[in-house]
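Everything on this sheet refers to the single structure shown next.
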Amino acid sequence: MRKELSKTYDPSSVEDRIYKNWEEKGYFHAEPDSKKEPYTIVIPPPNVTGQLHMGHALDETLQDILIRYKRMKGFSALWLPGTDHAGIATQIKVEEALRVNEGLTRYDLGRDEFIKRVWDWKEKFGDRIIHQLKKLGSSCDWERERFTMDEGCSKAVKEVFVNLYEKGLIYKGNRIINWCPHCITALSDAEVEYTEQQGHFWHIKYPVKDSDEFVIIATTRPETLLGDTAVAVHPEDERYQHLLGKMLVLPLVGREIPVIADEYVEKDFGTGCVKITPAHDPNDFEVGLRHNLEVIKVMNDDATINHYGGKYEGMDRYEARKAMIADLQEQGLLVKIEEHAHNVGQCYRCGTTVEPITSSQWFVKMEPLAKEAIRVVKDGTISFVPDRFSKTYLNWMENVHDWCISRQLWWGHRIPAYYCEACGEMVVSKEDVHTCPKCGGKMKQEDDVLDTWFSSALWPFSTLGWPDNTEELKYFYPTSVLVTGYDIIFFWVARMIFSGMEHMGQEPFKHVFIHGIVRDSQGRKMSKSLGNGIDPLEIIDQYGADALRFTLATGNSPGNDMRFYTERVEASRNFANKIWNASRFVLMNLTIDKIELDLNTLEPEDKWILSKFNALAKDVNENLDKFELGMAVSKLYDFIWNVYCDWYIEMVKPRLMAGEDKAAQNVLCYVMSGFLKLLHPFMPFITEEIFQALPVEDESIMIASFPEYQEALNFAEAEAKVETYIELITSVRNARSEMNVPPKNKTKLYVLCEDKDFVSSCSEFLTKLTYSSEMILVDSKDALSEKCVNVVGQGIEVMIPLNELIDKEKEFARLTKEKEFLLKELNLVRSKLSNKGFVDKAPEKLVQAEKAKEQSFLEKLAKVEESLNEL
RNA sequence: GGGCGUAUAGCUCAGUUGGUUAGAGCGUCACGUUGACAUCGUGAAGGUCACAGAUUCGAGUUCUGUUACGCCCACCA
């Protein structure tokens, strides 16, 4: 006996120790190695001050499975970790803490001091998520950990910004953008989420100047009326031809605005008249450009009304709305109010309704960049798994607008543009600029910072050393696969693709492996506000990281959401325990100290399990290569539990009890160490713990080689025969169960079979697993004097003498049921075989298989009928 | 308005390029302390693969249409 193992597996006593050992041995570290092929994954960097949630757990588990697999396959496998500075999210957190703890705002501290506080915060909490990733077993190369605002990434950001600016792909302009009045910053289109809300349509009269006439417009946002600079109608709308070019008097304001004609207006919608507010509506902005309309912005940054609002100045936009409606009503200008459901855009960080506003911002010109990004997905250079997400991606990329990249925040990469305080000259430069190249005046850097996603977009190459042409960059880029959720395809995946193409001239990754969202047991999204989130760390404490990982990898297909509940984790935990106990059994019976497989001394069941294992290795490799992780893991589960434990261990027990059976020990260990290796990417800890207790040569399973199919281990014939016996054993158990015969009632077993040698070599487990006392080979049934239950298999028939225990009626019913079943199947097979189309067109192999089935059914049917007659 | 997904056992889900008797986990029922494991074992019950057509020798799987639910994008003010 090598080592005494406890009866149940206790992950908590194992995991930290093993992880520490891996780290110390340096197994996670990858170097450029010309003798190996590279395999690279860059982590989707979690927010630096965030905490691990189930979505991370899924994402990291999938990546770790892939990276461990490839590492064992002999690749130089780099999983590059790091964190994201997460502009708005982090700034909001620190501001909140500042407010709660010190009653201060960031403005009280000033920019420099505030940023220092955020760095302090990052130092304090930045390690937390990294520790949590380690608890999961993530085999990241921690020596290469990066941060989106570290020196290298910042250098890359400046390089890219200046580069794009010089190419004319970054520009500054006064455009309409999404504004969050709570975060006080511009947002990109992708950062706005739309929800349908019940609102109103207010119908308002706009009087025609010097006339009794008026037009009626309908609006959902009456407060923007303050910034109207025209009313538009369709050019061919006959109702309004006479008003074209005339002036209207803007209610509540008194300003005069023209009636203009523009194709944008739909004649049949509403009244056919549209108020035009270029400063507060994207469509109106376009109309304004076409007609040279004045742009009057009526709101401040916090969405209160500014000086253009007259008496409404200082009011919040909704207060102003209320007040204006009341005033309009009083003046008899409010015609009616309609209920109206419409989509309202909200800030994806704070949920505040965004305000479209014209503002001077920085943009990335998307059209030229999108071209290449579209090409590489269309021509398959980059593939999405599952493929349907390439449609989502292409649809977005083909309709993408320019990307607003400036944010009015303090935490982030400050835009490398400098303005002369004297002459207004602007310089964009990688280096700090202090004096104006034109007039020598003092230069001041742009206040705005960049969208967080601007730096994340460079992640696959900035983390490898770009813009320097490092060995790492040459070797590990392009990366192999990107693993992420479908919810950030637009934010991140798309932007990495065009950035990689533009700056590296090569795709950032070859595959995008997309997973879904982890939901609660009722299918709801896990969220803080619902309080239905499950903490992965609590699950790890309770059930172990392996159980959690196994749960996340099982029953989940790429791109689909999954439900998470503890019963599933329990099942995974039970599986770990099953493996644990199987290993206890093997170790208890071990006398060998080295695995030496001698293919010449094998029993049928040995060949059978080796053959089954061989097929498993083939399947798992194929599944993993095709990103079918869920399928790979369910095959492993089935093999380990339902094949190795339920059958092979049971078959081999008599041999082990009988004495030192080296062949059995070798096969037990060979197959066990093999399936542990196959399972290791999914359940790294328990597989390592057991592996090291087995008589293996590798010092760690992490660096052992991944099993692959070997022709020498394919024993098709023995496999098929043992398979038949398994069926037979099941049938015997079934018969006994239906006769209500208790397991302890052991009887003889008579066997009628032509292949006597083979049956003899299996006699031990046949006897044991059919609850028999001994097995007797007979030449004919006639010789038996005892009353028997007959069970038939292919080429074999067994008789169980149960004497008076036999319930004749029950046996009759059982055999009749069996007969009906065989008849049904026989019918099915025959109808296939008599179908000329099938025989002519189906593959020959299939036709032969059907014929064999027919024979088998016929043979069995004859035996069953014979038994029925004898009753 | 456009696009996508899902619909398979009581529940949650797998099901590869069409081809044995459609599977698993959990739950249910019966039996069981057999020398690794009750976090277990043995056996069983449970399915018109949403509906209607089409293609095919053959459809859970492919195509068309319908229904229900979900998601994404666009935004007629």
Side-chain angles (χ1 to χ4, degrees), chain A residues 5 7-9 194 201 217-221 224 232 264-266 268-271 273-277 281-284 340 342-343 345 386 388-389 391-392 395-396 399 486-487 489-490 516-517 521 523 543 551 554-557 559-565 567-568 570-589 619 622-623 626 628 630-631 634 637-638 642 645-646 649-650 653 656-657 730 733-738 740-744 746 768-769 771 821 824-825 828-829 832 835-843 845-847 849-850 852-853:
Chain A
L5 298 174
K7 231 173 163 180
T8 51
Y9 174 60
Y194 291 88
F201 243 151
I217 59 92
T219 178
T220 53
R221 295 189 301 152
T224 62
Y264 153 71
V265 182
E266 299 223 2
D268 303 327
F269 185 83
T271 59
C273 301
V274 184
K275 63 194 269 311
I276 301 297
T277 323
D281 183 279
N283 291 312
D284 293 6
H340 181 64
H342 62 142
N343 283 328
R388 66 183 134 96
F389 288 103
K391 271 187 227 161
T392 312
N395 185 48
W396 187 79
N399 297 294
Y486 58 69
D487 47 337
I489 291 177
F490 305 143
I517 287 173
S521 60
Y543 300 97
T551 305
T554 314
N556 176 227
S557 58
N560 285 4
D561 292 352
M562 72 185 312
R563 296 192 195 203
F564 191 95
Y565 42 93
E567 287 88 341
R568 291 188 57 215
E570 275 172 29
S572 305
R573 187 267 323 264
N574 294 352
F575 177 51
N577 197 53
K578 184 74 183 177
I579 302 170
W580 182 253
N581 277 294
S583 78
R584 281 179 63 221
F585 174 79
V586 170
L587 292 170
M588 266 176 204
N589 290 286
D619 284 354
E622 283 175 6
N623 286 145
K626 289 192 281 187
E628 295 163 349
M631 213 167 299
S634 71
Y637 181 96
D638 180 64
N642 305 121
C645 291
D646 285 355
I649 285 185
E650 295 306 325
K653 268 181 185 172
L656 296 173
M657 300 309 156
T730 306
R733 289 171 177 172
N734 179 353
R736 290 178 58 110
S737 175
E738 283 186 31
N740 296 325
V741 183
K744 56 185 154 191
K746 292 204 179 354
K768 179 170 181 269
L769 299 181
Y771 311 106
F821 170 77
K824 196 186 98 201
E825 290 307 318
L828 224 110
V829 169
K832 261 190 190 174
N835 183 334
K836 198 164 175 302
F838 176 75
V839 180
D840 290 350
K841 292 183 184 172
K845 237 173 102 184
L846 221 82
V847 179
E850 289 299 313
K853 258 164 63 184

d(CG, A:L828; P, B:G58) in whole Å: 14 Å

Write down the distance between OH (A:Y194) and P (B:C72), rounded to a whole number of angstrom. 13 Å

Determine the Euclidean distance between corresponding C1' atoms of B:G15 and B:A74; express it in Å to zero decimal places. 36 Å

In the 5'-to-3' direction, what one-character label does each nucleotide of nucleotides 4-15 of chain B receive under the scheme B = base within less than 4.0 Å of a protein heavy atom, S = sugar-phosphate only, - = no such atom? SS------SSSS

List the residues meeting salt bridge (Lys or Arg N to Asp or Glu O under 4.0 Å) with A:K653, not counting sequence neighbours, and say none if there are none. A:E650

When you compare B:C29 with B:U21, how far apart are their C1' atoms, in angstrom units rounded to a whole number? 23 Å

Touch class at under 4.0 angstrom, heavy-atom based, for A:N343 against every strand present: base

Check every atom of B:A77, B:G43, B:U16 against the side chain of A:N734 and return the nucleotide holding the closest atom. B:G43

Mind checking what makes salt bridge (Lys or Arg N to Asp or Glu O under 4.0 Å) contact with A:K836, not counting sequence neighbours? A:D840

Mind checking side chain to side chain contact (heavy atoms under 4.5 Å, CB included) for A:T551 and listing every partner two or more places apart, or none if nothing turns up? A:F564, A:R568, A:V569, A:S572

Compare the minimum distances between each of B:G25, B:G19, B:A77 and the side chain of A:A571, then state the nucleotide with the smallest one. B:G25

Here the distance between atom P of B:U56 and atom CG of A:N835, to the nearest Å, is 13 Å

Distance below 4.0 Å between A:N623 side-chain N/O and B:U16 OP1 or OP2: no

Span that lies between the C1' atom of B:A50 and that of B:G5, in whole angstrom: 15 Å

Can you measure A:K832 atom NZ to B:G58 atom P for me and round it to whole angstrom units? 12 Å

Rounded C1' spacing from B:U20 to B:G58 in Å: 13 Å

B:U16 versus B:U61 - spacing of their P atoms, nearest Å: 11 Å

Suppose we screen for side chain to side chain contact (heavy atoms under 4.5 Å, CB included). Which residues come up paired with A:N399, at least two apart in sequence or across chains? A:N395

Starting from P on B:C73, measure out to CG on A:N399 and report it in whole angstrom. 13 Å

For nucleotides 31-39 of chain B, 5' to 3', base contacts (B), sugar-phosphate-only contacts (S) and non-contacts (-) with protein non-hydrogen atoms under 4.0 Å give -----BB-B

Counting C-beta onward and ignoring hydrogens, is there a side-chain heavy-atom pair between A:F201 and A:T219 closer than 4.5 Å? no

Euclidean distance for C1', B:G47 against B:G60 (whole angstrom): 11 Å

Looking at residues at least two apart in the chain, or sitting in another chain, which of them share a salt bridge (Lys or Arg N to Asp or Glu O under 4.0 Å) with A:E567? none

Closest nucleotide of RNA chain B for A:V839 versus for A:Y637: which of these residues is on the 5' side? A:Y637

How many Å lie between NZ on A:K845 and P on B:U20, as a whole number? 12 Å

Which part of the nucleic acid, if any, lies within contact of A:P282, taking any heavy atom under 4.0 Å across all strands shown: a base, the sugar-phosphate backbone alone, or nothing? nothing

A:N581 side chain to A:N577 backbone, donor-acceptor under 3.5 Å: yes

Tell me: CZ of A:F838 to P of B:U20, nearest whole Å? 10 Å

Between B:G25, B:C72, B:A44, which nucleotide gets closest to the side-chain atoms of A:F490? B:C72

Under the salt bridge (Lys or Arg N to Asp or Glu O under 4.0 Å) test, residues paired with A:E850 that sit two or more places apart: A:K832, A:K853

Consecutive-pair stems (3 or more, Watson-Crick or G-U, under 3.5 Å) for RNA chain B: B:1-7 with B:67-73, B:10-13 with B:23-26, B:28-32 with B:40-44, B:50-54 with B:62-66

Contacts of A:R563 meeting side chain to side chain contact (heavy atoms under 4.5 Å, CB included) (sequence neighbours excluded), chain-then-number -> A:Y565

Rounded to whole angstrom units, what separation is found between the NZ atom of A:K626 and the C1' atom of B:U16? 5 Å

For the side chain of A:N395 and the base of B:C73, is some donor closer than 3.5 Å to an acceptor across the two? no

When you compare B:G70 with B:U8, how far apart are their P atoms, in angstrom units rounded to a whole number? 16 Å

Residues at least two apart in sequence or cross-chain that pass ring-ring contact (aromatic ring centres under 6.0 Å, His included) with A:F490, listed by chain then number, are A:W396

Among all residues two or more places apart in sequence or in another chain, which pass the side chain to side chain contact (heavy atoms under 4.5 Å, CB included) test with A:N642? A:D638, A:D646

Angle between ring planes, A:F389 versus A:Y486, binned at 30° and 60°: parallel, tilted or perpendicular? parallel

Nearest-Å distance once atom P is located in both B:G25 and B:U6: 24 Å

Flag the pair A:F838 / A:L846 as yes when at least one side-chain heavy-atom distance between them is below 4.5 Å, and no otherwise. yes

